[in-house]
Asker: 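One structure, pasted below without further comment.
Below, all heavy atoms of this structure are taken into account, side chains as well, without hydrogens, waters or symmetry copies.
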Amino acid sequence: MTFLDPVAFAWLGLAAPIVALYFLKMRRRRVQVASTWLWRKSINDLRVNAPFQRLRKSLLLLLQLLLVILGALALARPSGKAAPPEHKRWAILIDRSASMRMKDVAPSRLEKAKALALQAVKEGGPDDEFMVVAFSSRAQILSPMTGDRGAVERAIDGVEPTDAPTRIQEAYRLAASALEGAKLREIVVLSDGGVEPIQGAEDIPLRYVPVGGKPRNAAVTALDVRRPSKGDDPWTVFAQIDLFHDKAAEVPV
């Protein structure tokens, strides 16, 4: 347990004057009497009010000290750390880069990844929470951490492909931040594998779900079009085509 305002414990110093009041001796006038037999009660009162004697049992004193202690504790604002939730938290990371448009799996890599993501949601327990992050060159949170399965499924269905390359590190940082403090947690990455190594992925359980194979994929990676210098001259087009495979292939241009 911690205290948000520990300075408030200074109010415990009020206990000292309260106790001191029980030590104070009352000022009384001395009077000579023939006998003290009838004055024993007064003598006992004098002893009670004598300073620096041992404190006698007093319910009022205990109540006053208890009131000071409770007041100081209330002003110190005690705060305890909440126990981690017992349910599991999931972060689903869906690759939507340009390579996920490929149709080597029907109907496409991205659609297959979305179907696998929906299946992962169904695997979760009834009280589990999910977040959905789509990533390409940048990461975007499509659904924050929530137990609303409908909202999670709609976020997965709404993932659209892009023409950008793949960068997963930002998506991983968002997921790790959302899962911080959870007792049970897991990150699920659905991708075709064209991502850089994840930094700091040893702390949180991570499951990689591959989507697609290794087709003979060719793509136009650079293009430059130049206007003719004269009206009748032809246009000049420079194109660079790269083959992302270890075997040669013929492709129409």
Asker: Under 3.5 Å, side chain of Arg96 to main-chain N/O of Val159, donor-acceptor pair present?
Answerer: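 The answer is no, because no donor-acceptor pair under 3.5 Å joins these two groups.
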Asker: Would the distance check show the side chain of Tyr172 and the main-chain N or O of Leu93 forming a donor-acceptor pair, the cut-off being under 3.5 Å?
Answerer: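 Checked: no pair found.
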Asker: Nearest 0.5 angstrom please: Ser191 OG to Met100 CE, how far?
Answerer: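 The distance works out to 6.0 Å.
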Asker: Set out, in order, the CA-CA distance, both residues' side-chain angles and the distance that settles side-chain contact (heavy atoms from CB on, under 4.5 Å) for Val225 and Thr236, then state yes or no.
Answerer: CA-CA 6 Å; Val225 180; Thr236 303; over 6 Å; no
Asker: Rounded to the nearest 0.5 Å, what's the gap from NZ on Lys183 to NE2 on His87? Could you check?
Answerer: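 That separation rounds to 12.5 Å.
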Asker: If you draw a 6.0 Å radius around CZ in Arg101, do more than 12 non-hydrogen atoms from other residues or ligands fall strictly inside?
Answerer: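 Count over threshold, so yes.
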Asker: Between CG of Leu110 and CE of Met102, what distance do you get to the nearest 0.5 Å?
Answerer: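 Here the interatomic distance stands at 13.5 Å.
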Asker: Is Thr146 close to Met131 at the side-chain level, that is, under 4.5 Å between some pair of heavy atoms?
Answerer: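 When only atoms from C-beta onward are counted, Thr146 and Met131 do not touch, as no gap falls below 4.5 Å.
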Asker: Are any of the side-chain heavy atoms of Val132 and Phe130 separated by less than 4.5 Å?
Answerer: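 Side chain of Val132 against side chain of Phe130, heavy atoms only: no contact under 4.5 Å found.
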Asker: Rounded to the nearest 0.5 Å, what's the gap from CG on Leu118 to CD1 on Ile156? Could you check?
Answerer: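 Result: 4.5 Å between the selected atoms.
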Asker: Begin with the C-alpha distance, continue with both residues' side-chain angles, and end with the deciding distance and a verdict on salt bridge (charged side-chain N to carboxylate O under 4.0 Å, His left out) for Asp128 and Arg89.
Answerer: CA-CA 6 Å; Asp128 288 1; Arg89 285 185 173 180; over 6 Å; no
Asker: Are Leu179 and Met145 side-chain neighbours, meaning at least one heavy-atom pair lies under 4.5 Å?
Answerer: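 In short, these two side chains touch, coming nearer than 4.5 Å.
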Asker: For Val188 and Val209: C-alpha separation, side-chain torsions, deciding distance, then whether side-chain contact (heavy atoms from CB on, under 4.5 Å) applies.
Answerer: CA-CA 7 Å; Val188 180; Val209 181; 3.9 Å; yes
Asker: Would you check if there is a donor-acceptor pair between the side chains of Ser97 and Asp95 at a distance under 3.5 Å?
Answerer: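 A donor-acceptor contact under 3.5 Å links the two side chains.
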Asker: Roughly how far, to the nearest 0.5 Å, is CD of Gln169 from CG of Leu174?
Answerer: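 Leu174 CG to Gln169 CD: 10.5 Å, rounded to 0.5 Å.
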Asker: Under 3.5 Å, is there a donor-acceptor pair between the side chain of Glu196 and the main chain of Ile168?
Answerer: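 Yes.
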Asker: Heavy-atom distance under 4.5 Å between the side chains of Trp90 and Arg185, does that happen here?
Answerer: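 With C-beta onward as the side chain, the pair stays apart.
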Asker: Within this structure, what is the OG1-CD distance for the pair Thr162 and Gln140, rounded to the nearest 0.5 Å?
Answerer: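 Spacing of OG1 (Thr162) from CD (Gln140) equals 10.5 Å.
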Asker: Less than 4.5 Å apart, any side-chain heavy atom of Leu223 and any of Val237?
Answerer: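 In contact.
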Asker: Please identify each residue that fulfils salt bridge (charged side-chain N to carboxylate O under 4.0 Å, His left out) with Glu186, with sequence neighbours left out.
Answerer: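 For Glu186 the salt bridge (charged side-chain N to carboxylate O under 4.0 Å, His left out) partners, ignoring immediate neighbours, are Lys88, Arg207.
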Asker: Does Glu170, at its CD atom, have more than 12 non-hydrogen atoms belonging to other residues, nucleotides or ligands within less than 6.0 Å?
Answerer: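 Counting neighbours around CD of Glu170, more than 12 heavy atoms of other residues, nucleotides or ligands fall under 6.0 Å, so yes.
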Asker: Determine whether a donor-acceptor pair (N or O, by modelled atom type, separation under 3.5 Å) exists between the side chain of Lys114 and the backbone of Asp157.
Answerer: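 Judged by distance alone, yes, a pair lies under 3.5 Å.
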Asker: Any side-chain heavy-atom pair from Val121 and Ile92 closer than 4.5 angstrom?
Answerer: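 The answer is yes, as the side chains (C-beta and beyond) meet within the 4.5 Å cut-off.
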